[in-house]
Amino acid sequence: MRGVLQLVRSYGLKSLFFNNFAVVLVVVLTALTLVFALFNNMTKSLIDRSVLEMNQTIVNQTKTVLEETLDESVRIGAAILDNRQTSRFMFLEKESLDSDFIISLSSSIRVYSLIFKYVHSVYVYSEASGTLVSNVYSGDLAAYGDISWMQAYLDAQGHALPTASRLGPSGYPYYMSVVMPYYFYGDEKKGCIVINIDMEQLDKVLANQGNSSQSIYVTDSQGQVLYSTDKSSISKNINSLPGLLSVSGKTDETFFDTLKLSSSEETKQVITVSPLQNRDWRLVSVLPLTAYEEHFNRQKAMTQVLLLALTLLGIAVTLIISVKAYAPLKSLLQGLDKAGMLNKANGINEAEHIKGLVAKAISETRVVQAELDKRLKSLKKAQAAALQTQITPHFLSNTLDAMRWDAMRLTGGKNSVSDMLMNMSALFRLSLDMENMLVKVSDEVEQCKLYLSVMAYRYAGMFTVIWDINPEALECSILKLSLQPILENAIYHGIKLKKAPGTITVRGFVSNGQAVIQVKDDGIGITKEKAEEINENMRSAMSLYGEHVGMRNVNQRLKLIYGESSGVSISSDESGTTVELRFPAI
């Protein structure tokens, strides 16, 4: 760190160390700020969404309980209406009623209050006798104190089932009463069935569905509260209740609202308005977010503390990164300083200083480099030509032509000797063509067949050649005289030493952008150690002396023309030797 400070002092605030430190610090702090903001928004959004989903779930559960309770009450009333005793009771005058009949009807009603815990009582009222029979009272309606349901009965029209929220005869607990008129011939009402739901019992069931801080309201179509967890709001209009004016006109919606508690205090709440099935009622759920906001604020404070800690850590990490990043530059500058090349000029930074030194060095070496490139190109071209002409001396072609004509003159025409000399001459003439170093694989094969025809004359019946080169490989370009030396090796070092007829198989194909030619003989083979030694020599040497000169010649020419990814490799086992040529499939 001390060495860094000494160098930085030389360049002042323009030093790359300060620039890097500032850039990394800004990036780190910006990233931390964005992460904090994103985390803060995501947390708040997650809490809001969770509250909405929880409130909706509670509303759905509460609706289910209410709807099932009301539907069950309707089924109870329908069962009582269908009772023959009930039908008879509706038409009997008061003088015709006897005590046994009243007791029997009351007993049949009492069964429902015993089975369904939330059913406080069931009234069967007859206009004809002015009598009310129930599980809690039987006698004249006028003498019974609970007649607040009567207005709902009188207002009933058609097949509508009025439901009244009302106090019981002794005050609270209150009832929610389902009134079911008994009709005779159309719309003539003869009496009714009243199912009184004990809301105190129903409250116990609903309390298990919601949150302790949540308020539930059930209103009719005019907004009158029929049921609520807040008993003081029953029978009031919901729009008159604090913080609930916003539910006016809404039928199926969940939204956030703000309740103003005082001139300086307010709280946020989530409100869900949902219609009840088969009734012109709404269920309204109000859930204050106070508890959740406290949790969110605590989490926000913890996040701020974490952000501060991460900021301090970010500064420390930035300093370490800057020192580490400056280390290579420091080493370079110290080396230049020891060499006397460091001129700590004012007004520039380290990069500009080094750039000036590099520009100067480039300027001085540009001419030398251009000349070197020129000489290297000439050297490669001369080396490739020398390697190729090593196996194709020019004088042989002329000599073979002369020998061919002498043979024909002495024998009076063409013969096997003149044919062999003609093939040899053609072979060498092709090799002398220095203008076209690359030929198609198909042309190289034809040239090799000329060579093999000559060898077949010398070693009649000793070898057979099988050609298996696919059309794609035949169209690729290959360096001239690459295949013939490999075939020569197969004959001389494989088949000939076997001292028995053999087979040479030449396969060709394209794989992964490279053309591959494999020459396999079934001769005596060589050991794996010897094959690896040959491969190593071809990889590491440019010598043309020693054994396998032709194969090394081909290897070196391929590498000179195509690059190091091309070349020759050899492998061998008890079944013979395989030599593989690889070069770009172009």
Side-chain angles (χ1 to χ4, degrees), residues 387 391 441-442 444-474 476 478-479 481-559 562 564-585:
L387 289 169
I391 61 170
V441 172
S442 58
E444 181 74 0
V445 168
E446 292 303 317
Q447 184 172 336
C448 288
K449 288 181 179 179
L450 288 176
Y451 167 76
L452 291 172
S453 68
V454 174
M455 298 305 293
Y457 182 83
R458 172 65 180 84
Y459 300 105
M462 180 178 290
F463 63 87
T464 302
V465 179
I466 299 174
W467 297 93
D468 182 19
I469 302 177
N470 65 36
E472 186 180 5
L474 286 172
C476 293
I478 188 173
L479 191 60
L481 293 178
S482 296
L483 188 54
Q484 180 264 323
I486 308 304
L487 290 168
E488 184 177 353
N489 273 1
I491 295 171
Y492 280 102
H493 298 288
I495 305 300
K496 182 179 177 182
L497 297 179
K498 182 181 179 181
K499 297 183 179 179
T503 301
I504 300 173
T505 303
V506 183
R507 293 182 64 244
F509 55 90
V510 175
S511 175
N512 297 325
Q514 280 198 318
V516 180
I517 306 294
Q518 294 175 341
V519 179
K520 177 177 175 59
D521 66 73
D522 58 358
I524 61 171
I526 57 176
T527 63
K528 290 184 179 180
E529 292 77 9
K530 182 63 175 178
E532 183 55 36
E533 179 185 347
I534 295 171
N535 287 329
E536 183 62 29
N537 288 337
M538 287 193 294
R539 283 193 295 268
S540 61
M542 290 293 289
S543 173
L544 294 178
Y545 300 99
E547 296 181 329
H548 306 288
V549 172
M551 188 162 59
R552 281 190 287 172
N553 181 304
V554 173
N555 178 64
Q556 291 168 26
R557 287 194 297 128
L558 288 175
K559 290 184 180 297
Y562 294 116
E564 288 299 319
S565 62
S566 302
V568 179
S569 62
I570 184 171
S571 61
S572 185
D573 53 30
E574 63 276 1
S575 65
T577 303
T578 300
V579 177
E580 182 176 277
L581 287 77
R582 283 184 175 268
F583 50 93

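Since we're looking at a predicted model, the values are computed, not measured. Both backbone and side-chain heavy atoms feed into the values below; hydrogens, waters and symmetry mates do not.
Although no hydrogens or angles enter the test, the distance criterion places a donor-acceptor pair under 3.5 Å between the side chain of D522 and the main chain of T503. A donor-acceptor contact shorter than 3.5 Å is absent between the side chain of K520 and the backbone of I504. Counting only distance, with no hydrogens or angles, the side chain of R557 and the backbone of G567 share no donor-acceptor pair below 3.5 Å. Side-chain N or O atoms of K496 include none that pairs as donor or acceptor with a backbone N or O of I491 at under 3.5 Å. Side-chain atoms of E444 come within 3.5 Å of backbone N or O of L483 as a donor-acceptor pair.
Rounded to the nearest 0.5 Å, atoms CG (N537) and CD1 (I570) are 11.5 Å apart. Interatomic distance, CH2 of W467 versus OG1 of T505, reported as 11.0 Å (0.5 Å rounding). Between the OH atom of Y459 and the CD1 atom of I495 there is a distance of 12.0 Å, given to the nearest 0.5 Å. A distance of 8.5 Å separates CD1 of I534 from OG1 of T577, quoted to the nearest 0.5 Å. For the atom pair CE (M551) and OG (S569), the distance works out to 9.5 Å, reported to the nearest 0.5 Å. With rounding to the nearest 0.5 angstrom, the CG atom of N512 is 8.0 Å from the CZ atom of R582.
At a threshold of 4.5 Å between non-hydrogen side-chain atoms, the residues L481 and Q447 count as touching. In this structure, F463 and D521 have side chains that are not in contact, with every pair of non-hydrogen atoms separated by 4.5 Å or more. In this structure, the side chains of V445 and K449 come closer than 4.5 Å at one or more pairs of heavy atoms.
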Step-by-step side chain to side chain contact (heavy atoms under 4.5 Å, CB included) determination, V554 to L581 = CA-CA 9 Å; V554 173; L581 287 77; 4.0 Å; yes

Report the C-alpha distance between V506 and D468 in whole Å, list the side-chain angles of each, state the deciding distance to 0.1 Å, and finish with yes or no for side chain to side chain contact (heavy atoms under 4.5 Å, CB included).
-> CA-CA 6 Å; V506 183; D468 182 19; over 6 Å; no

Step-by-step side chain to side chain contact (heavy atoms under 4.5 Å, CB included) determination, E580 to V516 = CA-CA 7 Å; E580 182 176 277; V516 180; 3.6 Å; yes

Please assess S482 against L558 for the test side chain to side chain contact (heavy atoms under 4.5 Å, CB included), listing each intermediate value before the final yes or no.
-> CA-CA 8 Å; S482 296; L558 288 175; 4.1 Å; yes

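Residues passing the side-chain hydrogen bond (donor to acceptor under 3.5 Å, both in side chains) test with D573 are S575, sequence neighbours excluded. For the side-chain contact (heavy atoms from CB on, under 4.5 Å) test, residues two or more places apart in sequence or in another chain that qualify with A473 are I469, N470, V510.
The aromatic rings of Y562 and F583 sit parallel, their planes meeting at an angle under 30°, below the 60° perpendicular limit.
For A531 against S571, the heavy-atom pair with the smallest separation is CB-CA, 4.5 Å. Between C448 and Q484, the closest heavy-atom pair is SG-N, 3.6 Å.
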